[in-house]
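For reference, the structure discussed in these notes is given below.
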Amino acid sequence: MSHILLAGQGSTQAEKSIDYPRPDRLVQGNPKRETYSLYEHANMNCGIWSCEAGAWNIVFADNKQEFFQVIEGLVRIHDKATGNYIEVSAGNAGIIPPGFTGTFEVVEAVRKYFVVVEV
């Protein structure tokens with residue numbers, strides 16, 4: 001059975017989960033992260049994610065990738081391999097590719113739509 005879902009800022013279809021970066025990955029602060037999963041499947045999860053300012057190291061598995069669009073705020077994604085980073089602000093989107101290693105920095109409190117795919 002298929003269902004069509006409306007993913008909006010005011011959605012109340014999902015429970016909120018709260019977490020913090022793992023202590024061994026913290027770079028700056030200890031930002032609270034809130035996730036509203038709007039759709040979950042064996043290979044995909046999507047919803048709305050928000051986070052306070054801070055930074056932590058991320059390591060994506062070779063079979064995991066994420067597309068996201070920032071609703072409000074500003075993030076920087078630092079690529080460990082190149083030393084470069086990209087900034088993604090409200091209205092813009094980014095992709096974290098499979099096998100990515102780097103730092104996720106929330107410069108200004110952020111709210112974003114996300115789609116994580118694992119294959």
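Note that this is a predicted model, so its numbers are computed, not measured.
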So, for [X] and [Y], which heavy atoms are closest and what is the spacing to 0.1 Å?
| X | Y | answer |
| --- | --- | --- |
| R22 | D24 | NH2-OD2, 2.8 Å |
| I77 | F68 | CD1-CZ, 3.5 Å |
| I48 | I71 | CG2-CD1, 4.5 Å |
| P31 | A53 | CB-O, 3.5 Å |

Roughly how far, to the nearest 0.5 Å, is [atom2] of [Y] from [atom1] of [X]?
| X | Y | atom1 | atom2 | result |
| --- | --- | --- | --- | --- |
| S50 | K112 | OG | NZ | 10.5 Å |
| I58 | K80 | CD1 | NZ | 12.0 Å |
| I86 | I96 | CD1 | CD1 | 8.0 Å |
| E105 | H78 | CD | NE2 | 4.0 Å |
| E118 | Q65 | CD | CD | 10.0 Å |

Original post:
Shared ILVMFWY cluster between L74 and V88, side chains joined below 4.5 angstrom?
Top reply: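 No, no single cluster joins them.
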
Original post:
Do any pairs count as a ring-ring contact (aromatic ring centres under 6.0 Å, His included) and have a residue in residues 86-108, sequence neighbours left out, and if so which ones?
Top reply: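 Listed once each, the pairs are W49-F104, W56-F104.
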
Counting C-beta onward and ignoring hydrogens, is there a side-chain heavy-atom pair between [X] and [Y] closer than 4.5 Å?
| X | Y | value |
| --- | --- | --- |
| I18 | K32 | yes |
| F114 | T35 | yes |
| F67 | V117 | no |
| P21 | N30 | yes |

Subject >> Chi angles and distances behind the side-chain contact (heavy atoms from CB on, under 4.5 Å) call for E52, V106 >> reply: CA-CA 7 Å; E52 301 169 335; V106 178; over 6 Å; no

**OP:** Check side chain to side chain donor-acceptor pair (under 3.5 Å) between D19 and all other residues, then give those that pass, not counting sequence neighbours.
**Re:**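 Here the qualifying residues are R33.
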
Original post:
Taking only residues at least two apart or on different chains, which pairs with a member in residues 86-104 satisfy side-chain hydrogen bond (donor to acceptor under 3.5 Å, both in side chains)?
Top reply: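 Listed once each, the pairs are N57-T103, R76-E87, S89-N92.
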
